[in-house]
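Structure first, then comments.
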Amino acid sequence: MTDLGLPTVPKQTHTELGGDIGYALTGQHFTIGEGVDVASVAATLAHPLSVIVQVTKRCDMDCGFCSETMQKPDPTLRQLATMEENLRGVIRVFLSGGEPLLRRDFIDIVDMYSEHHIVAVPTNATHGLQHAKGMAGKVAYANIGLEGPRATVLRVRGDYDKEMKGVRAFQEAGIPLALSSVVYRSTLSALPFTIQIADVLDATKVKFILPLRKGNALKLPEHEFISQTEAEDAFTRLKEARAEHMWAPALRLTTWTPQNEGHMIVIEPDGFAQAWPVYDAPDLWEPLGNVLQEPISAIWERYRFKENHVSKYVGRSIHAVPRAA
Ligand code: SF4
């Protein structure tokens, strides 16, 4: 129980999922045996390891890097229930947006999905105060988008103080936290502070991600996009700073390489499943099918990025440093 007497996620550290795959609850990532071949694991899976369900496209922020372009009506609870039934067999579902916590019925959706899946919630946390207690004990972790300290967040994302109030509400409710930071050239100097913030919050990990050229990011000045080499150099410096300051959170760096292409499966509010990001596809989406009409296993069968999917989620196609003991 937390200080507020709320239930916490059980202190289980690892779950074996069969077929050489496991899930590390402490680091919130999938695991695979050291010598195990990703291609053969991908070939034996009948379902994706992880999908993203957009419970809304709406958002109360307007981040400079946001890739959302098209508005679609929110799915009803009945539609979300049909999608959930068709997603059975998927280990982890991100209940995402837009900003998912804008939905007043968000806890009903969490209840619906947490019975059959590990649920994680990517959020800007501005509505954390309303939903934290209802999420406690059901959500494996909240993944907070945060690009650094106040001035950086105000410039690239929005209201830092409102966001941090929500983050503190999650923390008080005992919900495990992770941070995600989109990296611009002009935010490189803020990245060590992001890790410091994560360490103070006892977050499991900090994920650094380069922006994709879609939506608002098309308006970013060219100099804000760093190269693969610059990203790797920055990550090396962050690893050194992490060791020097004894920061505990795991670090991840996702850059956009052929090995990461199409690795995510995003379910839009109208049920359409899309492989994302597919570099030469219109809007970076590749249509896969619709989970209001067919089970995810049928979509998975014709999905051409299975190996990239597994490789990313077991940490083979990204730069990763594990959480300090
Ligand atoms: S990146 Fe996320 S928080 Fe920012 S505007 Fe887009 S949906 Fe909202």
Side-chain angles (χ1 to χ4, degrees), residues 50-75 93-104 106 109 119-132 135 139 141-170 175 177-184 186-187 190-191 194 197-198 201 203 206-221 224-225 252 254-256 264-270 272 274 276-277 283-285:
S50 187
V51 301
I52 297 158
V53 174
Q54 293 187 313
V55 301
T56 183
K57 290 266 194 191
R58 293 176 291 124
C59 188
D60 56 344
M61 285 186 162
D62 189 23
C63 304
F65 49 80
C66 184
S67 59
E68 277 302 331
T69 49
M70 204 191 307
Q71 285 302 313
K72 291 186 177 182
D74 290 359
V93 174
F94 285 102
L95 294 177
S96 182
E99 173 44 50
L101 271 58
L102 289 185
R103 284 193 64 137
R104 294 194 179 161
F106 185 66
I109 304 170
V119 167
V121 179
T123 173
N124 65 30
T126 54
H127 285 64
L129 274 174
Q130 287 96 311
H131 293 298
M135 290 162 61
V139 166
Y141 70 107
N143 192 56
I144 316 294
L146 191 91
E147 279 64 41
R150 185 176 286 107
T152 305
V153 172
L154 282 171
R155 180 167 63 84
V156 306
R157 174 173 283 275
D159 192 335
Y160 173 90
D161 293 290
K162 191 172 178 192
E163 181 160 354
M164 289 309 282
K165 272 187 197 147
V167 169
R168 282 190 281 272
F170 292 145
I175 298 167
L177 301 174
L179 301 187
S180 273
S181 291
V182 174
V183 177
Y184 297 176
S186 66
T187 64
L191 302 185
T194 314
I197 293 167
L201 292 171
V206 185
K207 297 192 287 182
F208 297 109
I209 307 163
L210 302 191
L212 281 159
R213 293 172 192 266
K214 185 183 167 188
N216 283 354
L218 291 172
K219 292 179 268 174
L220 283 175
E224 289 289 24
F225 292 89
R252 302 268 189 278
T254 300
T255 58
W256 301 113
M264 283 177 260
I265 298 177
V266 181
I267 315 292
E268 293 197 275
D270 51 8
F272 280 101
Q274 311 273 2
W276 159 263
D283 251 4
L284 309 180
W285 293 122

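All values derive from a computational prediction rather than experimental measurement. Just so you know, ligand 1 is whichever comes first in the structure, and atom 1 is the first atom listed for that ligand. Nothing fancy with the numbering, it's 1 onward along the sequence.
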Seminar exercise, completed: For R157, the ligand 1 atoms with a heavy-atom partner under 4.0 Å come out as 3 (S)

For this session: Considering the heavy atoms of F65, write down every atom of ligand 1 situated less than 4.0 Å from one of them.
Result: 1 (S)

Exercise. Between E68 and K57, is there a side-chain N and carboxylate O pair less than 4.0 Å apart?
Worked result: yes

Problem set entry | salt bridge (charged side-chain N to carboxylate O under 4.0 Å, His left out) against K207, all qualifying residues, sequence neighbours excluded | none

Problem set entry | Criterion side chain to side chain contact (heavy atoms under 4.5 Å, CB included) against F170, the qualifying member of L201, V139, I144, V121 | I144

Problem set entry | Near atom 8 (Fe) of ligand 1 (cut-off under 2.8 Å), count of protein N, O or S atoms | 1

Exercise. Taking atom types as modelled and ignoring hydrogens, do the side chains of R157 and T152 form a donor-acceptor contact shorter than 3.5 angstrom?
Worked result: no

For this session: For Y160 and L154, work out which heavy atoms get closest and say how close.
Result: N-CD2, 4.2 Å

Exercise. Is the Lys NZ or Arg CZ of R213 less than 6.0 Å from the centre of F225's six-membered ring, within 45° of the axis?
Worked result: yes

Problem set entry | Close side-chain approach of E268 to W285, heavy-atom, < 4.5 Å | yes

For this session: Please indicate, with yes or no, if any protein heavy atom is found under 4.0 Å from atom 2 (Fe) of ligand 1?
Result: no

